[in-house]
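For reference, the structure is listed below as structure tokens.
Fair warning: this is a prediction, and the values are worked out from it, not measured in the lab. Order of appearance sets the numbers: ligands from 1, and atoms from 1 within every ligand. Note that the numbering runs from 1 along the sequence shown for the chain.
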Amino acid sequence: MPKPVRKAVLPVAGLGTRFLPATKVIPKEMIPVIDKPVVQYAIEEARAAGIEEFIFVSAEGKESIAQHFSAQPWLEKNLAAKGKTAELALVTGCTLPPGKIHTVLQGDPLGLGHAVWCAWKLVGDEPFAVILPDDMVLSDKPCLGQLIDAHAKVGGHVVAVENVAKDQTNRYGILDVLSEEGRIAKAKGLVEKPKPEEAPSTLAIIGRYVLDPVVFKELDKKTKGAGNEIQLTDALNRTISEVPFHGYRFEGRRYDCGTRVGFVEANVAFGLAHPEMVGRLLPLIEKLVSQVKS
Ligand code: G1P
């Protein structure tokens with residue numbers, strides 16, 4: 001039985017250049033989808049999956065991310081004094097317990113593998129989760145919780161996967177599949193962002209991982225890969241002889257908030273999934289679509 005997964009690493013050091021000028025001062029992870037910052041969805045998903053400690057791999061100027069999950073006594077005092085109990089609950093509801101948030105600065109952005117390596121000392125020698133907040137997942141059971149359950153059975157590394165279009169393989173880590181059983185695909189290799197003609201499959205890694213700490217030893221070699229970056233996918237690939245690697249076809253829908261169109265799509269999808277909004281939102285969307293078509 002593998003050790004429990006208690007810690008999550010959230011790489012949030014990116015500059016968010018695709019969303020400039022919105023991200024000139026505000027971290028892209030703090031831009032809201034509906035009424036919550038993107039990163040809050042990731043934290044809620046992790047908490048629902050039993051994660052207790054959160055490690056932000058961040059950059060200068062992005063302090064508001066950790067602040068968002070810390071107590072804000074002045075705001076709380078004022079809301080309480082005005083009797084705004086519902087609003088106060090929204091504020092305190094996303095506060096993490098003291099000592100459970102850690103921030104480590106990445107310094108030079110040398111790649112996702114480097115970002116994860118930065119969390120090594122804080123994670124220690126236990127399995128841990130990695131969440132890329134840009135990938136938002138709408139599902140009945142939290143996507144990370146699905147991975148943690150699978151990890152309890154198979155151990156090693158377990159990552160969320162989904163099939164992508166053949167011409168999209170160069171945007172993802174792709175599995176070289178050995179065998180499949182139900183939602184689980186055992187991989188014999190991984191390739192980061194292969195050209196479609198070179199991709200071993202179309203089964204792509206999305207931004208949820210449960211990893212064995214053996215990956216840190218590999219990341220520590222700082223070997224550069226695709227895009228001249230230290231790639232997490234490459235380090236995982238090189239540990240496949242030491243620990244099993246499984247992709248888990250998660251139940252749910254993923255939205256890629258790292259692109260502008262994906263961000264709009266996520267807002268619409270999460271709005272339609274919101275019980276208080278769907279009734280008013282759906283006719284509005286239908287009206288907009290018919291206006292565009294006419
Ligand atoms: C990263 C990983 C890639 C993975 C993707 C999921 O790429 O390197 O393997 O498939 O996240 O979103 P990025 O999107 O940072 O280029």
Looking only at heavy atoms, what is the nearest atom pair of P213 and D125, with distance? CG-OD1, 3.4 Å
Under 3.5 Å: N/O of G173 near N/O of ligand 1: yes
Counting only heavy atoms from other residues, nucleotides and ligands, does the tally under 6.0 Å from CZ of R253 exceed 12? no
Please check whether R254 reaches ligand 1 - meaning an N/O of the residue sits under 3.5 Å from an N/O of the ligand, judged on distance alone. no
Nearest protein heavy-atom contact for atom 12 (O) of ligand 1: which residue, which atom, what distance? D135 OD2, 2.9 Å
Over 60° means perpendicular and under 30° means parallel, so classify the ring planes of F263 and F19, tilted if in between. perpendicular
Which pair of non-hydrogen atoms, one from I51 and one from L144, has the smallest distance, and what is that distance? CG1-CD2, 3.8 Å
Are the aromatic ring centres of F216 and F128 under 6.0 angstrom apart? yes
Nearest to atom 1 (C) of ligand 1, what protein heavy atom do you find, and at what distance? L112 CD2, 4.0 Å
Do me a favour and list the nearest non-hydrogen protein atom to atom 13 (P) of ligand 1 with residue, atom name and distance? K193 NZ, 3.7 Å
I need the nearest protein heavy-atom contact for atom 11 (O) of ligand 1: residue, atom name and distance, please. L132 CD1, 3.4 Å
Backbone of G14 reached by a side-chain donor or acceptor of K62 within 3.5 Å: yes
Option whose closest heavy atom lies nearest to atom 2 (C) of ligand 1, chosen from Q231, E192, R208: E192
If you count heavy atoms of other groups shown closer than 6.0 angstrom to CZ of R18, is the number above 12? no
Under 4.0 Å from atom 15 (O) of ligand 1, is there at least one protein heavy atom? no
Atoms of ligand 1 less than 4.0 Å from T233 heavy atoms? 9 (O)
Considering I205, L232, I206, which one's heavy-atom position lies nearest to atom 10 (O) of ligand 1? I205
Within the side chain of N170, is there an N or O that forms a donor-acceptor pair under 3.5 Å with the backbone of K193? no
Would R171 count as a polar contact of ligand 1, with the cut-off being nitrogen or oxygen pairs under 3.5 Å? no
